[in-house]
J.: 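Below you will find the structure I want to go over with you.
A, B, ... follow the sequence lines: proteins, then strands. Residue 1 opens every chain.
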Amino acid sequence: MEAAAAMDHHDQHESTGIDHRKLGMWVFLSSEFLFFGALITNYLLYQGQPGFARPYPAEIYDIPFTSFSSFALLMSSLTMVLAHNALARHDQHATRTWLLATAMLGSVFLGGQVFEFTEFVTVGGMKLTTNPAASAFYLLTGFHGFHVLLGVLMLLTLYGISRRQGELSEASGLNLELVGLYWHFVDIIWIVIFTVVYLLAGVPAGVG
Amino acid sequence: MATHPGEHHHPTPLQYVKIAILLAVLTIIEVALFYVNEAADMGGWDAPLLIILALFKFVIVVGWYMHLRFEDSTLSKFFTAGFILALILYAIVLLAFGVIALGS
Amino acid sequence: MIWRHLGRLIRPLIRWGSLVALTVFSLAACSLVEIEDAPLTTFEPAGPFAERIDAVFWQVFWIAVVIFVVVEGGILLIVLLFRDREGRKEPRQIHGNNKLEITWTIIPALILTVIAVPTIQGVFDLTECGDDAMPVEIIGHQWWFEYRYPDHGIESASVLAMPIDQEVCAYMTSADVLHNYWVPHLMGKRYLVPGQETTLRLQADDPAEYWGHCAEFCGLSHSLMRARVVSMTQTDFDAWVAAQQQYAVPPAPESPAEAGLKVFQEQGCTQCHTVDYGPDHQGTNLVADEFFNGPNLTHFASRNVFAGAILPREGQSWSDGLREWLANPPKVKPGSFMPNLDLTHQEIEDLVAWLDTLK
Amino acid sequence: MTATAERRPATTIFRRPRSTTGFWAWITTADHKKIGIMYGYASFVFFLVGGLEALLLRIQLSSADNTFLTAAEYNAAFTMHGTTMVFLFVMPISAAFINYLLPLMIGARDVAFPRMNALSWWIFLFAGIFLYSVLIFSDPAAPAGVEGVSGNLDPADNTVLGGMPDGGWFGYQPNAGPFYSPGTAMDYWALGVQFLGLASLISSVNFIVTIFNMRALGMRLLRMPVFVWMSLVVALLLLFSLPIIAIALFMVTFDRQFGSLFFVAEAGGDPILWQHLFWLFGHPEVYILILPAMGIVSEVLPVFSKKPLFGYAAVVFAGAAIAFLGFGVWAHHMFASGISPVAQAAFGLSTMTIAVPTGVKIFNWMGTMWGGRLKFTTPMLFAIGFVAMFVIGGLSGVTHAVVPSDWQQTDTYYIVAHFHYVLFGGSVFGIFAGLYYWFPKMTGRLLNERLGKLNFWTMFTGFNLTFAPMHWLGLQGMVRRTAYYPPEAGFDFWNLVATVGSFIIAAGVLIFMFNWWRSKKHGDPSGIDPWDARTVEWTTPNPTPEYNFGVAPTVTSLDDFWYKKYEEDSEGRPVRRPEAEETLTDMMETGTNPPHPIHLPAPSYYPILLAAGIPLVGWGIIYHTSLVGKLLILIGVLVVASASFGWSMEPLEEPHDEHDHSESSGDGYSLPEVDA
């Protein structure tokens with residue numbers, strides 16, 4: 001056993017040295033690319049096809065509004081990373097503040113999405129059932145919104161725990177890191193969606 | 001766990017804020033590009049520019065906010081594997097549908 | 001105890017019995033495949049495109065046979081040579097051999113390269129229709145094929161007539177779900193996709209009748225969606241076209257056929273079916289909605305099969321097949337869009353008499 | 001011995017479960033072995049269900065124009081046969097093997113996330129039950145039609161069996177969409193497969209982390225048993241392919257339930273998009289089904305050849321190559337769909353390349369047997385059967401890559417023959433090899449060898465009689481998925497042969513079940529090392545103790561266990577070490593009486609509770625237009641949410657674990673108390 005233990009030390013480099021949950025989260029996130037990739041592909045395929053019932057999503061976008069809510073989500077990544085940083089400095093108060101700020105910014109984004117969907121349906125006249133491009137738009141942004149919603153719930157849970165226990169323990173610190181990874185990921189997916197789906201979208205020739 | 005060797009290299013809050021400002025500026029450029037293209041057609045040049053800008057933002061968030069730059073390479077291998085695989089597979093699908101075309 | 005005895009009895013019986021049975025069946029398979037009359041067989045190409053595919057198939061097949069014999073023979077040899085026997089030495093512990101690994105990576109790769117050449121040539125040679133091909137539109141319906149000849153202004157169903165030695169370019173689409181048009185004697189298969197157009201090349205060498213089948217699962221009666229292709233000389237085809245371009249001849253007054261026409265009109269059959277008696281005569285109804293479109297019956301009696309080429313059955317007369325169909329279509333073809341109209345015996349007889357006039 | 005911790009959780013909904021035996025122990029377990037066993041039994045039940053469906057199909061096809069089944073029943077039977085065998089048998093029984101063996105083979109005490117593991121299993125089980133609940137809740141076969149117009153069905157054709165999903169396991173659109181498959185059957189299919197995918201996705205993350213993080217000391221990646229490698233590859237395939245089918249199934253569910261138009265051709269939807277998405281998942285799925293069996297065979301062949309696996313690294317890399325290439329070949333399922341000639345040529349070529357690594361594997365297996373001392377035990381027979389049959393499936397597979405040939409063959413029985421040679425002659429034979437080989441690990445007893453050989457030869461004969469004739473049938477033009485063929489088509493004889501064969505297979509399965517049932521109680525005791533095995537899982541007593549290993553193993557080479565027993569003489573022949581018997585006795589001793597206290601993943605109620613909410617949501621979505629449906633969604637979401645909450649409140653580590661942890665990290669162990 002002693003000999004084995006001595007030899008063990010030489011083999012230590014094999015272990016990845018990464019916590020199970022952190023590795024698991026990254027592994028999971030890597031598969032999410034395929035998830036959102038399928039949704040974006042789906043949208044790209046349909047948004048440019050002529051002959052659908054109007055309107056196409058790109059006809060009724062409100063770019064200034066979406067830019068604003070995108071900006072909120074982008075800045076929530078900053079508050080998220082500041083929360084993580086505050087916890088690393090053992091500044092529990094700041095951690096709580098930044099957590100709440102992140103959840104708030106996430107909620108702003110979600111609220112924006114609810115508003116946008118409502119506008120599109122009532123004013124723009126584009127429903128899920130209008131045409132395949134509209135279906136694809138709602139499915140894509142809807143699933144992204146669902147991810148944000150889960151993120152907000154997780155952030156609020158962390159905030160709740162922190163309030164109730166007076167602090168976030170070291171174990172919760174890892175939880176915070178994991179929620180952060182998830183949150184940033186949702187943000188980078190939106191960076192792609194904002195560019196590809198909103199800014200680069202057009203309507204097929206002959207429409208509009 | 002919190003005392004991971006990589007933690008030392010993490011940026012400071014100030015650096016995080018600077019990064020956020022950079023991200024904000026990039027976003028403003030993106031939206032501006034969109035309107036420039038609306039006003040005067042850029043002849044298809046908007047697409048590559050916007051994609052490059054988005055990728056730039058993407059890399060910044062992943063690298064610094066998600067600390068991927070400072071992590072064990074196993075994690076970045078997984079992450080890039082998923083990203084590249086998705087990119088290739090869906091590019092082929094879009095090619096098959098003629099949504100994107102090679103050499104045109 | 002009993003297991004031991006039973007085992008001793010059964011084991012050799014099963015082991016050798018199964019090997020013998022397999023050998024016998026393989027031999028039987030080889031012989032029977034020639035003898036048996038299979039109207040959908042892929043082994044009897046009757047036109048240049050199917051022949052081209054057949055040639056590729058056999059090329060690959062013989063390569064596969066050689067590989068099969070070598071590998072399976074190798075496994076059998078190993079099993080016989082190295083089975084554990086009394087007094088056998090312990091085996092040498094060999095972990096691998098890089099040269100061998102490289103060899104059996106490169107050799108299959110080379111074989112595949114050989115196969116790849118006819119594959120790719122075949123794809124490019126056989127996909128695009130030729131310039132002087134005769135266009136035919138094929139529309140898939142649940143569960144029958146509709147044919148339109150845009151150059152001749154003809155519509156038909158279930159039976160595709162085509163001249164020999166003339167390429168036919170089928171422009172295909174579907175009115176409902178996916179279908180897949182397949183006439184093995186003439187060509188491989190191709191989907192019919194709703195909202196899209198696919199093309200398929202068909203060509204026959206000799207006058208004959210070929211079977212076809214819808215090959216993509218298309219709902220309840222997928223198995224009852226068959227097709228027929230009749231190839232004929234150019235002269236016969238021209239005559240056929242000329243006949244098909246005629247209006248139908250109105251039935252004689254007071255004949256059973258006229259009663260049949262009346263049943264046809266009164267039962268609402270005209271909702272889906274067209275019979276074109278020409279502009280001067282009533283009893284025609286062209287239906288706007290693609291989905292309601294049943295087969296055009298103007299020259300119904302000129303087709304030897306109907307109802308998705310499943311009737312008449314083997315040994316059944318044309319009129320008996322029609323009687324079976326009219327009595328209860330959903331029973332013959334589950335899910336059929338032609339409903340059971342609870343026709344009386346007399347009504348059916350009249351309809352048969354009338355339909356028989358639609359040459 | 002097993003130190004069961006005194007549990008005093010501060011904040012949970014339930015007290016932690018305490019049962020270590022009996023019903024509640026199984027319900028709340030987080031033990032990978034128990035979960036593996038449950039996976040195994042459940043998937044075997046589904047195997048029987050899927051087998052019965054297959055027999056129904058075979059009876060119907062035994063003669064021309066047979067009326068044993070109605071068209072609706074036939075379509076439902078083949079749909080559910082495919083769905084069941086793929087998602088409810090081969091995948092979960094592979095999960096059973098991976099669950100049971102993976103930690104043992106890498107010298108770990110459990111998987112990385114034991115409770116997540118339990119969650120996967122319960123989601124799988126509930127999803128399977130959900131899928132088959134269609135028999136109770138679904139309306140009988142509704143004929144096809146568009147809004148306001150539907151086809152006509154003879155009233156006699158409205159049967160319960162015919163009310164099962166009938167759009168094919170491939171669910172091609174628009175036939176499986178809202179207009180052409182009205183009713184709820186295909187909703188059960190879409191959601192059921194969705195949930196099964198969720199279970200597999202969770203498993204895959206779990207297995208990947210386990211393999212990356214929990215290997216025994218000294219077990220480098222290239223010292224892992226091939227089965228572990230194949231598990232890793234399968235987990236990666238699942239990880240990257242499941243999200244695609246998830247989206248595709250969401251699209252179908254939205255089309256069917258909420259009126260979106262993704263695949264509605266009348267509104268501009270594209271049915272071919274479904275095929276791309278389905279096969280983007282579906283082709284990797286094929287390798288998900290076969291690679292675990294390849295792993296099993298790679299373990300069994302060396303043991304009974306008394307030789308190491310020939311070209312270990314080549315076999316591993318070939319497996320990885322198959323997986324990687326497997327992502328780039330999906331459109332070969334669509335050569336007839338009208339994709340461009342360039343795409344057809346490209347996918348034909350990429351498909352051919354897969355034959356190369358597959359060939360490498362087969363040759364290496366032959367190389368393993370070459371010069372060995374082959375003992376024809378039942379696992380070995382199944383393993384050799386696997387190799388021999390897989391060659392046939394592989395060769396017919398290459399003919400599909402030859403695009404023009406494929407235009408003739410696709411959608412015929414030739415394809416059915418091909419993939420059954422791969423999935424039955426391949427996967428199922430591999431699975432049976434594994435069942436015979438590792439049965440002692442689970443029970444401490446051996447399966448009866450005589451019955452085993454009878455089992456093999458019956459299944460082998462039945463298998464070939466059933467599926468070999470299908471090659472001929474397909475080339476003679478028999479189209480797939482057809483309930484009827486006319487007498488003049490000339491298909492009768494070979495179909496009858498196939499039907500007879502299928503009943504011989506069924507007999508083989510019955511023999512197996514009898515053997516299992518009998519040997520569990522009366523089989524010969526196996527001892528610690530019944531097969532003279534090579535890998536780490538056999539260094540611990542049989543049946544496996546709850547804590548797996550008395551002392552965490554340390555690995556110094558590939559086939560570590562073997563080299564504890566044997567050394568090589570100057571000729572390279574194995575010579576049993578003089579101390580081998582002593583080593584084994586020691587292993588038995590430390591395995592039975594661990595020298596140090598061991599703590600194990602604590603059982604929990606939350607996995608089963610969380611999983612129970614999921615089918616509720618499923619039923620709710622299907623009936624969402626009614627009040628009951630809305631309530632079900634609400635209840636389901638509440639169950640999931642409260643279970644997640646309780647789960648996250650359940651302490652990760654018991655109070656005294658902190659202490660143990662710092663100690664145990666010294667010997668490199670990541671004890672599984674770190675849970676999520």
J.: Is there side-chain contact between D:Trp407 and C:Phe49, with at least one heavy-atom pair below 4.5 Å?
T.: no
J.: Which atoms of D:Glu568 are under 4.5 Å from chain C, going by heavy atoms: the side chain, the backbone, both sets, or neither?
T.: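 The side chain, not the backbone.
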J.: Closer than 3.5 angstrom, by distance alone: can the side chain of C:His222 be matched with the main-chain N or O of D:Ala71 as a donor-acceptor pair?
T.: no
J.: In terms of heavy-atom proximity below 4.5 Å to chain C, should D:Tyr312 be classed as side chain, backbone, both, or neither?
T.: backbone
J.: Go through the atoms of D:Ile362 and report whether side chain, backbone, both or neither lie under 4.5 Å from a heavy atom of chain C.
T.: side chain
J.: Hey, could you give me the OH/NE2 distance between D:Tyr485 and C:His213, rounded to the nearest 0.5 Å?
T.: 12.5 Å
J.: Can you tell which part of D:Ala401 gets under 4.5 Å to a heavy atom of chain C, answering side chain, backbone, both or neither?
T.: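 Answer is backbone: N, CA, C or O of D:Ala401 sit under 4.5 Å from chain C.
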J.: Measure distances from D:Phe376 to the heavy atoms of chain C and classify the residue's part below 4.5 Å as side chain, backbone, both or neither.
T.: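 The side chain, not the backbone.
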J.: Let me know if D:Phe456 has heavy atoms under 4.5 Å from chain C in its side chain, its backbone, both or neither.
T.: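 Interface part for D:Phe456: neither.
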J.: For D:Phe263, which atoms come within 4.5 Å of any heavy atom of chain C: side chain, backbone, both, or neither?
T.: neither
J.: For side-chain hydrogen bond (donor to acceptor under 3.5 Å, both in side chains), just list the numbers for D:Gln408 and C:Asp54, CA-CA rounded to whole Å, side-chain angles, deciding distance to a tenth of an Å, and then say yes or no.
T.: CA-CA 9 Å; D:Gln408 289 281 20; C:Asp54 195 54; over 6 Å; no
J.: Sort D:Pro486 into side chain, backbone, both or neither according to what part of it lies under 4.5 angstrom from a heavy atom of chain C.
T.: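 Both parts, backbone and side chain.
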J.: A side-chain contact here means heavy atoms from C-beta on lying under 4.5 Å apart; do D:Pro308 and C:Ile94 qualify?
T.: no
J.: Quick one: what part of D:Trp562 sits under 4.5 Å from any heavy atom of chain C, side chain, backbone, both or neither?
T.: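 Just the side chain, heavy atoms under 4.5 Å.
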J.: My understanding is that only residues two or more places apart in sequence, or in another chain, count here; which of them pass side-chain contact (heavy atoms from CB on, under 4.5 Å) with C:Pro91?
T.: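 C:Gln93, D:Lys306, D:Lys307, D:Arg373.
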J.: At a heavy-atom separation under 4.5 Å, does D:Glu449 approach chain C through its side chain, its backbone, both, or neither?
T.: neither
J.: Quick one: salt bridge (Lys or Arg N to Asp or Glu O under 4.0 Å) pairs with a partner in residues 102-125 of chain C, sequence neighbours left out?
T.: C:Arg52-C:Asp125
J.: Check each atom of D:Gln409 against the heavy atoms of chain C and say whether the ones under 4.5 Å are side chain, backbone, both or neither.
T.: both
J.: Relative to chain C, which segment of D:Val575 carries a heavy atom at a distance below 4.5 Å: side chain, backbone, both, or neither?
T.: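 D:Val575 has no heavy atom closer than 4.5 Å to chain C.
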J.: Please flag which part of D:Leu475 lies under 4.5 Å from any non-hydrogen atom of chain C: side chain, backbone, both or neither.
T.: both
J.: Is there a side-chain contact between C:Arg313 and D:Asp65 (heavy atoms, below 4.5 Å)?
T.: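 Touching, per the 4.5 Å side-chain cut-off.
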J.: Check for a donor-acceptor pair, side chain of C:Thr119 on one end and backbone N or O of D:Val403 on the other, with a separation under 3.5 Å.
T.: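 Side chain of C:Thr119 to backbone of D:Val403: no pair is present.
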J.: Can you classify the ring geometry of C:Phe217 versus D:Phe78 as parallel (below 30°), tilted (30 to 60°) or perpendicular (above 60°)?
T.: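 Taking D:Phe78 first and then C:Phe217, their aromatic rings stand perpendicular (interplane angle over 60°).
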J.: Please look at D:Ser396 and chain C and tell me whether the side chain, the backbone, both or neither of the residue comes under 4.5 angstrom of a heavy atom of that chain.
T.: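 Neither part, no heavy atoms under 4.5 Å.
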